[in-house]
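Notes to accompany the following structure.
First listed ligand is number 1; within each ligand, the first listed atom is number 1. Please read all numbers here as calculations on a predicted model, not as lab measurements.
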Amino acid sequence: MQTNRTIILGIESSCDDTSAAVIKDGVLYSNVIANQKVHQEYGGVVPELASRAHQQNIVPVVTKALSDANVNVNNLSAIAYTNGPGLLGSLLVGSSFAKSLALALNIPLIEVNHMQAHILAHFTEINGATFNPPSFPFLCLTVSGGHTQIVRVDNYCEMEILGQTIDDAAGEAFDKIAKIIGLTYPGGPLIDKHAKLGNSEAFKFPHPSVPDLNFSFSGLKTSVLYFLQKETAKHPDFISTNLNDICASVQKTIVDILIQKVTKASEKTGIKTIALAGGVSANLSLRNKLIKTGEAKKWNVHIPAFELCTDNAGMIATAGYYKYKDKQFSKITAVPLARLKF
Ligand code: KG4
Ligand code: ZN
């Protein structure tokens, strides 16, 4: 049965989540994510294991996304996939699958930048939920495991990075500090959980002095490490007895650094519509602090739905939908890039 609807299949495989989603006329009907637990015991993502898990997951995940959305593969209008940035082996699994399927079905192939897709998650209309996307232009604080960026967004496809991290990303800082204090990977959600029970003023950590709208988080990681080494030398059970306070204090430092820079970006550009995106946008303290700051500064703040914060193919399908409307199709010879820029 042929259909006049625009139906996009999105595929995400940039890191350790295999995901597929279906969007019909801009509305999300399915968003299936297979997490890879295999990395937990290593304290971080092991690239080779990630590629292998993607290979095992991709067919069942795509099959489930199509069936959840009640879509026959022959009715797809186009296939959108992540072509970077990310782990090359992981990207190759998703891109090869997307290319083969697009070729077999003779439909357009659309490559999507993962970081732009995190931002465009704000335009993912969830079936049955209220939809209130930001208006252009807006600033997006994109905070993930691999990136920390302040982006000026002028349109679905026109974006400019105004500032970014010069070393570790915010999510990376959460994960590395979590590892130091003995929490499993990914540590961000666990720090978030313990922080809720702790005193964020218990310990003070320095803020980096980085010019302009750029960030640095590797110094914070080192200062937490030295602080804990010093304290555990005096009291061997310092971490276990102060876990909640350590998490709350570290989290407050990261959140304050992020909010200060986004405030500076708003003052510099005069833009008062501010959005949050990326895996770290699931952090409760960051969400609350941005809302509070927005109230004080009279910003129009946009916080993503929890299910669209961390990696998912819904955001890839959304980016693909807008590129499809703009007829931005890719060649079958497109190559995924680990360090893809905007
Ligand atoms: O966007 P994402 O799913 O993957 C990348 O593109 O990197 O982000 C993953 C990152 C990880 O570093 C993870 O620890 C962090 O997001 N994260 C959080 C929370 N949930 C996920 N960090 C702090 N608090 C959270 N609740
Ligand atoms: Zn991501």
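For ligand 1, one of its N or O atoms has an N or O atom of Gly171 under 3.5 Å away. Considering both main-chain and side-chain atoms, Thr310 never comes within under 3.5 Å of ligand 1 through any nitrogen or oxygen pair. For ligand 1, the polar-atom distance check against Asp311 finds a nitrogen or oxygen pair separated by under 3.5 Å. The distance criterion of under 3.5 Å between nitrogen or oxygen atoms is met by Asn283 with respect to ligand 1. Between Gly145 and ligand 1, at least one pair of N/O atoms sits closer than 3.5 Å.
Cation-pi geometry between Arg287 and Phe306 is satisfied (NZ or CZ under 6.0 Å from the ring centre, within 45° of the ring normal).
Checking Gly188, Gly279, Ala170 against atom 20 (N) of ligand 1, the nearest heavy atom belongs to Gly279. Nearest residue to atom 11 (C) of ligand 1 from Val280, Asp175, Leu284 is Asp175 (criterion: closest heavy atom). In this structure, of Met315, Met115, His114, the residue bringing a heavy atom nearest to atom 6 (O) of ligand 1 is His114.
Residue His118 has at least one heavy-atom neighbour below 4.0 Å for each of these atoms of ligand 1: 1 (O), 6 (O). Contact atoms of ligand 1 toward Pro186: 14 (O) (distance under 4.0 Å to a heavy atom of the residue). Each of the following atoms of ligand 1 lies closer than 4.0 Å to a heavy atom of Gly146: 7 (O).
When each of Asn127, Ile7, Leu66 is paired with Tyr29, the side chain to side chain contact (heavy atoms under 4.5 Å, CB included) condition holds for Asn127 and for no other.
To the nearest 10 degrees, the Zn ion (ligand 2) sees NE2 of His118 and NE2 of His114 at an angle of 100°.
Ion pairing between Glu201 and Lys204 holds under the 4.0 Å rule for side-chain N and carboxylate O. Between Asp175 and Lys179, none of the side-chain N atoms (NZ, or NE/NH1/NH2) sits under 4.0 Å from a carboxylate O, so this pair counts as no salt bridge. Checked for salt-bridge contact, Lys234 and Glu231 meet the test: a charged N lies under 4.0 Å from a carboxylate O. Salt bridge status for Lys289 with Asp256: present, with a side-chain N to carboxylate O gap under 4.0 Å.
Asp192 OD2, 2.8 Å is the protein heavy atom nearest to atom 26 (N) of ligand 1.
Listed for the Asn283 side chain is a donor-acceptor partner under 3.5 Å among the backbone atoms of Leu286. With Ser30 contributing its side chain and Asp68 its backbone, the two residues share no donor-acceptor pair below 3.5 Å. In this structure a side-chain-to-backbone donor-acceptor pair under 3.5 Å is present from Lys261 to Asn214.
Of the heavy atoms in His147, none comes closer than 4.0 Å to ligand 1.
The Zn ion (ligand 2) is closest to atom OD1 of Asp311 (considering only N, O or S atoms).
Taking the centre of each ring, Tyr156 and Phe136 come in below the 6.0 Å mark.
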